[in-house]
Asks: 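Here it is, the structure in full.
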Amino acid sequence: MIAIENVHKQFGTLHVLKGVDLSVQKGEVLSMIGGSGSGKSTMLMCINGLEGIQQGRITVDGVEVHAKATDLNKLRRRIGIVFQQWNAFPHLTVLENVTLAPRKVLGKSREEAEAIAIEQLSHVGLKEKLAVFPSRLSGGQQQRMAIARALAMSPDYMLFDEVTSALDPQLVGEVLDTMRMLSKEGMTMIVVTHEMRFAREVSDRVAFFREGRIHEIGSPEQIFENPQKPETAAFLKSI
Amino acid sequence: MDYEFQWRPVLRSLPEMLWGALQTIEIAGLAMMLGTVLAIFLALAKRSGKKYLSLPADMWIETARNTPALFQIYMLYFGLGSLGLQVGSYTALLLGITFNNAGYLAETFRGGFAAVPETQTRAARSLGLGAVQTQWHIVIPQMLRAVFHAMTNQMVWSVLMSSLGVIVGLTTDLTGVTQELNVVTYRTFEYFFVAACLYYLISKAFTLSARVVAWRLFRY
Ligand SMILES: Nc1ncnc2c1ncn2[C@@H]1O[C@H](COP(=O)(O)OP(=O)(O)OP(=O)(O)O)[C@@H](O)[C@H]1O
Ligand SMILES: [Mg+2]
């Protein structure tokens, strides 16, 4: 379980997260929607400790992310994250991109790591691209590779930060399909997205972010069909 | 002018000069490797944002880039000597060029590091790679590609700088050997002409091998 309690985050004088409370259960798919600059990306980066926090607490399966004693490198093995863009390591082939962390972080042998990588790359439909450099992949293929790379660490959680918003429209579908497949397999996911149809279809719950807080959270039916707050309705109408 | 060219003596001592050239290659190559490693640390120190790291790095870089290489080699030879650390002329030259290379390369690398997007570090750290692993596997290889051309130039510069060994009494590198032969034979022009040709060939050889290395390494 990921538990977020009263989290505040500031960049200097800019108060980005202003008391976020949220918990995500094992197996749940939570979508986060909200306007630009509302703090969604920042929230995700706080969860795996890429960003520090000024107040509050985030725990992942009982491990407090921002406690001094926490080994973040160890914690991050269990939390996969895929960003909006530039995820691929350009100097490594697709196969090397995916085997790097299992080898260097989990200490797996090359053979073991390659077996895992090939399995995950097949899973996302990239089995034919093992020896290719990322520059030869389409944006959608790069994003699927990034998903396979995260999955190769056998994470318990996957965080997605607008992974389709830098893609050409015709490439969005293949990436969403991959994520859909993951959700069916029971992966616990937090998905920041602007793809409302997708959010509605795969999420167990949807959280609307506004001004550094969760303004409204509920089932997709509630958020999309019957929002309780006028700001939620206004946001949904605006996109 | 009644200077008559005589090429026979210089051809006769060509083997000696080639041995000297070999040592020139050795010094320049070693100074380049050591300089590269040190430059990575200097560049990281400058990027660290920690005064106690960036200040010494800055002093190194500033001195290396803004004083004559000749002075730097001199200081290492006589300066270290006066501190009781007697170093030979070979070592002084090697350290001098290393010092100079490191200073210039550090500045180049700083630009190279800036060319590697922050997102690469973020992606690597999210996979559980540590800070050092991230530098080693992700950032430094990309940084080196960005600065490879500048490194090749520095390599050539390193070869040419090594000729300064003669001022601290080095007699075994190409310039040293040539100077020794010159003193005995007074065929100054012939000897230094051949030496210059050899320097040219060494520099070109380094440039070409760098191209081959780049072609092998940077296929992406
Ligand atoms: N490293 C940083 N330093 C300073 N300010 C930052 C930093 N990262 C983000 N911010 C600021 O924090 C605020 C929230 O940014 P964040 O990226 O979390 O928003 P977001 O909800 O993901 O927006 P978007 O939908 O545009 O991606 C923005 O005002 C942004 O400019
Ligand atoms: Mg964002």
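Below, chain A is the first sequence line, B the second, and so on; all start at residue 1.
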Asks: Less than 4.5 Å to any heavy atom of chain B: does that hold for the side chain of A/A146, its backbone, both, or neither?
Replies: neither

Asks: Quick check: are there more than 12 heavy atoms from other residues, nucleotides or ligands sitting under 6.0 Å from NE2 of A/H194?
Replies: yes

Asks: Atom OG1 of B/T119 and atom CD of A/Q85: how far apart are they, to the nearest 0.5 Å?
Replies: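 If I round to the nearest 0.5 Å, the distance is 8.0 Å.
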
Asks: Which residues from residues 89-114 of chain A are near chain B, with near meaning under 4.5 Å between non-hydrogen atoms?
Replies: A/F89, A/P90, A/H91, A/L92, A/L100, A/A101, A/K104, A/V105

Asks: State, to 0.1 Å, how close B/L127 and A/A150 come at their nearest heavy-atom pair, and which atoms those are.
Replies: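 It is CD2-CA, 4.3 Å.
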
Asks: Which value, rounded to the nearest 0.5 Å, describes the distance between B/T134 atom OG1 and A/N73 atom CG?
Replies: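 Answer rounded to 0.5 Å: 8.0 Å.
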
Asks: CZ of B/R122 to CH2 of A/W86: how many Å apart, nearest 0.5 Å?
Replies: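 Atom-to-atom, B/R122:CZ and A/W86:CH2 are 10.5 Å apart.
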
Asks: Does NZ or CZ of B/R219 lie under 6.0 Å from the centre of the six-membered ring of A/F133, at an angle within 45° of the ring axis?
Replies: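 Here B/R219 fails the 6.0 Å and 45° test against A/F133.
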
Asks: Examine whether an atom of A/R149 lies under 4.5 Å from a heavy atom of chain B, and if so say whether it belongs to the side chain, the backbone or both; otherwise answer neither.
Replies: both

Asks: Rounded to the nearest 0.5 Å, what's the gap from CG on A/L44 to OG on B/S126? Could you check?
Replies: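 Reported to 0.5 Å precision, the distance equals 10.5 Å.
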
Asks: What's the spacing between A/N87 CG and B/Q120 CD if we round to 0.5 Å?
Replies: 8.5 Å

Asks: What option among B/G130, B/G128, B/A123 has the most heavy-atom pairs under 4.5 Å with chain A?
Replies: B/G128

Asks: Which answer fits B/Q133, side chain, backbone, both or neither, if we ask what part of it has an atom under 4.5 Å from a heavy atom of chain A?
Replies: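 B/Q133 touches chain A through side-chain heavy atoms alone.
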
